[in-house]
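In listed order, ligands and their atoms are each counted from 1. Keep in mind it's a predicted model, so treat the numbers as computed, not measured.
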Amino acid sequence: MEEKFVIHGGRPLKGEVSVGGAKNAAVAILPATLLAADIFTIENVPHIDDVVILLNILNRLGAKIRFLDRTTVVIDTRAVNHGNVRINLAKRLRASYYFVGALLGRFKDTGVYLPGGCDIGSRPIDLHLKGLHALGAEVDTDYGVFHAKAEKLTGCEIYFDQVSVGATINIMLSAVLAEGSTTLINAAKEPHVVDVANFLNQMGARIRGVGTDTIRIHGVQNLHGCNYSIIPDQIEAGTLMIAAAATKGDVLIKNIVPMHMDALTAKMVEMGAEIQEFDDSIRVRNSSRLKAANIKTYPYPGFPTDLQQPATVLLSTAKGASVIVENIFEARFKHIEEIRRMGAHVTVDDRIAVVQGVERLTGAQVKASDLRAGAALIIAGLMAEGTTEIYNIKYVDRGYDHIEDKLISLGADISRVPVEEEPFELDLDFQ
Ligand code: UD1
């Protein structure tokens with residue numbers, strides 16, 4: 001049944017909260033288990049819808065899945081013997097393209113229904129196709145299937161003309177079992193790219209240079225199972241940091257890698273929030289109206305596009321005018337129409353949003369258009385005076401593990417309630 005969030009805003013968030021495992025690492029690490037026929041124990045797996053879908057796909061391919069606790073999963077891939085993922089579930093998320101990289105690496109032949117995911121722009125996969133082709137695969141996307149096949153994969157040099165998280169990871173997945181060495185130039189440096197490489201190295205891969213823009217992969221013949229713990233989610237951490245400041249709260253966010261948050265931390269300090277960094281936690285405090293600031297999204301270590309939407313909401317009540325430039329995804333301003341309904345003054349021209357800070361937001365009925373838009377609207381609801389109802393929260397569940405529980409533990413008044421169908425009051429007869 002469809003659900004919505006109902007938020008009574010205006011309460012400062014206070015207390016301590018722990019961040020879960022990184023969604024964008026998990027959604028690559030789970031398909032990566034297919035690179036070996038063995039047993040894996042993966043800890044700190046976020047309990048989110050995208051992960052549930054991926055585990056279902058793995059299960060449909062023949063893998064055995066067993067949860068040891070809510071966030072620890074044992075995956076046994078020994079019975080998987082083919083690379084055919086023409087499974088409808090695969091259309092439901094972007095990350096299903098990682099099955100291509102992993103299964104091409106393992107079986108040298110794979111077909112996966114073309115990925116779906118949030119509608120935040122055109123999201124082409126040309127870099128994935130070019131990279132896999134350079135390794136020696138025949139690739140095509142005919143009939144809605146991302147298909148890749150190779151006699152053998154041979155290491156090579158691949159230059160990405162645009163930094164892409166998905167393409168960097170996907171090519172790594174195939175190249176770890178290629179013959180010879182592969183060099184990825186202008187590779188993505190995001191923390192979850194590094195985490196996936198660390199996982200692959202635990203499986204016996206030889207990847208060097210992750211976290212820089214040149215990654216070198218020495219192909220090996222076989223990989224094996226391992227135990228691994230996924231890094232904390234940079235974006236959930238950022239969402240909570242923004243929510244703390246937006247509600248004039250005082251929150252200690254634990255299980256976090258402070259360095260991953262540098263771009264956001266610097267911006268929030270510029271706005272006037274108080275931020276203290278510890279070894280694996282960050283305390284965010286704010287008691288006054290924040291100042292306007294300009295933001296441009298860039299690949300890591302720049303300001304993450306995934307936090308642009310929540311940050312826009314934070315700036316909506318800051319003092320002065322802020323300019324936000326979205327450099328990564330051209331359609332990532334869909335939350336703005338919704339926060340306008342809550343009183344925000346924002347104009348958008350192509351990839352640029354100008355936010356004129358208002359004194360306050362007011363509660364309204366709004367709709368999430370994608371995952372991070374949903375997170376942004378939750379923050380708007382927490383800040384706003386009155387009641388906010390957020391529809392389409394299925395997007396939020398794709399990437400946050402019951403975020404409302406964490407917010408409630410910090411003092412928020414937020415509840416998840418079923419959406420009742422509007423009753424038909426008039427039975428029109430058009431005969
Ligand atoms: C991943 C994340 C997403 C995040 C994004 C940027 C996952 C499942 N999703 O998405 O949450 O917002 O990184 O940090 O990890 N591009 C091309 N051709 C390609 C691939 C990408 O032109 O073949 C372009 C995209 O349109 C975009 C830019 O490159 O403008 C970056 O995209 P990319 O880093 O690939 O994003 P995703 O992997 O889709």
Side-chain angles (χ1 to χ4, degrees), residues 21-32 46 48-51 53-54 90 92-102 112 114-134 139 141 146 148 158-173 184 186-197 213 230-231 233-239 260 263-264 296-311 325-335 350-351 370-376 395-396 398-400:
K23 164 187 174 280
N24 288 344
V27 299
I29 284 173
L30 297 178
I48 53 176
D49 284 0
D50 275 13
V51 161
I53 294 172
L54 289 170
R92 293 196 18 204
L93 74 170
R94 181 86 183 145
S96 43
Y97 50 43
Y98 292 136
F99 285 110
V100 177
V112 179
L114 280 176
C118 285
D119 181 12
I120 50 177
S122 58
R123 308 191 83 175
I125 53 167
D126 56 308
L127 299 172
H128 302 237
L129 297 165
K130 279 186 206 159
L132 298 177
H133 180 70
V139 284
T141 54
F146 184 170
I158 297 170
Y159 173 80
F160 294 113
D161 51 21
Q162 179 157 1
V163 177
S164 161
V165 169
T168 301
I169 292 179
N170 223 354
I171 310 309
M172 271 195 323
L173 293 178
L184 307 183
N186 201 23
K189 300 188 282 249
E190 269 67 4
H192 36 280
V193 175
V194 177
D195 203 42
V196 176
D213 50 22
I230 293 176
I231 51 161
D233 195 297
Q234 177 204 20
I235 307 302
E236 186 193 0
T239 305
H260 294 169
L264 176 65
K296 288 184 184 174
T297 62
Y298 285 111
Y300 188 83
F303 194 95
T305 167
D306 284 2
L307 289 175
Q308 174 267 109
Q309 291 155 299
V325 182
E326 173 53 64
N327 284 314
I328 313 290
F329 291 114
E330 72 275 13
R332 214 161 200 186
F333 282 137
K334 291 187 181 154
H335 60 299
D350 195 22
R351 288 171 179 259
D370 57 81
L371 166 58
R372 307 300 172 188
Y395 291 114
V396 178
R398 288 192 42 200
Y400 294 88

Undergrad: For the backbone of V325 and the side chain of R351, can you confirm whether one donor and one acceptor N or O come within less than 3.5 Å of each other?
TA: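 Here the side-chain-to-backbone pair does not exist.
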Undergrad: What do you reckon, does V163 put a non-hydrogen atom under 4.0 Å from ligand 1?
TA: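 Yes, that is the case, since the closest heavy atom of the residue is under 4.0 Å from the ligand.
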Undergrad: What atoms of ligand 1 come within less than 4.0 Å of a heavy atom belonging to H128?
TA: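 Every atom of ligand 1 under 4.0 Å from some heavy atom of H128: 23 (O).
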Undergrad: Decide, yes or no, whether a salt bridge links R398 with D50 under the criterion of side-chain N to carboxylate O below 4.0 Å.
TA: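 Salt bridge present between R398 and D50.
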Undergrad: Work out which heavy atom in N24 is nearest to a heavy atom in H192; give both atom names and the distance.
TA: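 Closest pair (atom of N24, atom of H192, distance): CB-CD2, 3.5 Å.
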Undergrad: Just distances here: any N/O of V27 and N/O of ligand 1 closer than 3.5 Å?
TA: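 By distance alone, the answer is no.
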Undergrad: Kindly say whether I328 contributes a backbone atom to a donor-acceptor pair with the side chain of T305 at under 3.5 angstrom?
TA: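 Absent.
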Undergrad: For a 4.5 angstrom cut-off between non-hydrogen side-chain atoms, does R332 reach D306?
TA: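 In contact.
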Undergrad: Contact between P124 and ligand 1, counting heavy atoms under 4.0 Å?
TA: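 Heavy atoms of P124 do come under 4.0 Å of ligand 1.
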Undergrad: Does any N or O of ligand 1 fall below 3.5 Å from an N or O anywhere on K23, backbone included?
TA: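 By distance alone, the answer is no.
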Undergrad: Quick check: H192 and ligand 1, any N/O pair under 3.5 Å apart?
TA: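 No; the residue has no nitrogen or oxygen that sits under 3.5 Å from a nitrogen or oxygen of the ligand.
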Undergrad: Ignoring hydrogens and geometry, is there a side-chain-to-backbone donor-acceptor pair from N186 to F160 under 3.5 Å?
TA: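 Side chain of N186 to backbone of F160, a donor-acceptor pair under 3.5 Å: yes, one is there.
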Undergrad: Which ligand 1 atoms are under 4.0 Å away from a heavy-atom of I328?
TA: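 Checking each atom against I328, I get 27 (C), 28 (C), 30 (O), 31 (C).
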Undergrad: Specify side chain, backbone, both or neither for Y300, according to which of its non-hydrogen atoms lie closer than 4.0 Å to ligand 1.
TA: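 Neither part.
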Undergrad: Using a strict 4.0 Å cut-off to heavy atoms of G166, name the atoms of ligand 1 that fall inside it.
TA: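 Checking each atom against G166, I get 35 (O), 38 (O).
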Undergrad: Counting distance only, does the side-chain N/O of E190 pair as donor-acceptor with the main-chain N or O of V193 below 3.5 Å?
TA: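 Checked: no pair found.
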Undergrad: Check T305 against ligand 1 and report side chain, backbone, both or neither, counting heavy atoms closer than 4.0 Å.
TA: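 Just the side chain.
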Undergrad: Measuring from non-hydrogen atoms of R332 to any atom of ligand 1, is the shortest distance under 4.0 Å?
TA: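 It does; at least one heavy atom falls under 4.0 Å.
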Undergrad: Considering only heavy atoms of Y97, which atoms of ligand 1 have at least one such atom less than 4.0 Å away?
TA: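 Those of ligand 1 that fall under 4.0 Å from Y97 are 37 (P), 38 (O), 39 (O).
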Undergrad: With a cut-off of 4.0 Å, which atoms of ligand 1 are near a heavy atom of Q162?
TA: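 By the 4.0 Å cutoff, the relevant atoms are 22 (O), 24 (C), 27 (C), 28 (C), 29 (O), 30 (O).
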Undergrad: Would you find a donor on one side and an acceptor on the other, under 3.5 Å apart, between the side chain of D195 and the backbone of I231?
TA: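 Yes: the side chain of D195 pairs with the backbone of I231.
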Undergrad: Quick one: are N170 and I125 in side-chain contact, heavy atoms under 4.5 Å?
TA: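 No, too far: nothing below the 4.5 Å cut-off.
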Undergrad: Going by the atom numbers of ligand 1, which of them fall below 4.0 Å from some non-hydrogen atom of I125?
TA: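 So the answer, numbered in order with elements, is 19 (C), 23 (O).
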Undergrad: I'd like to know if the side chain of Q234 reaches the main chain of P191, judged simply by a donor and an acceptor atom lying under 3.5 Å from each other, with no hydrogens or angles considered.
TA: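 Not a single qualifying donor-acceptor pair exists.
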Undergrad: Using heavy atoms and a 4.0 Å limit, tell me yes or no: is F160 in contact with ligand 1?
TA: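 Judged by the 4.0 Å heavy-atom criterion, F160 does not count as contacting ligand 1.
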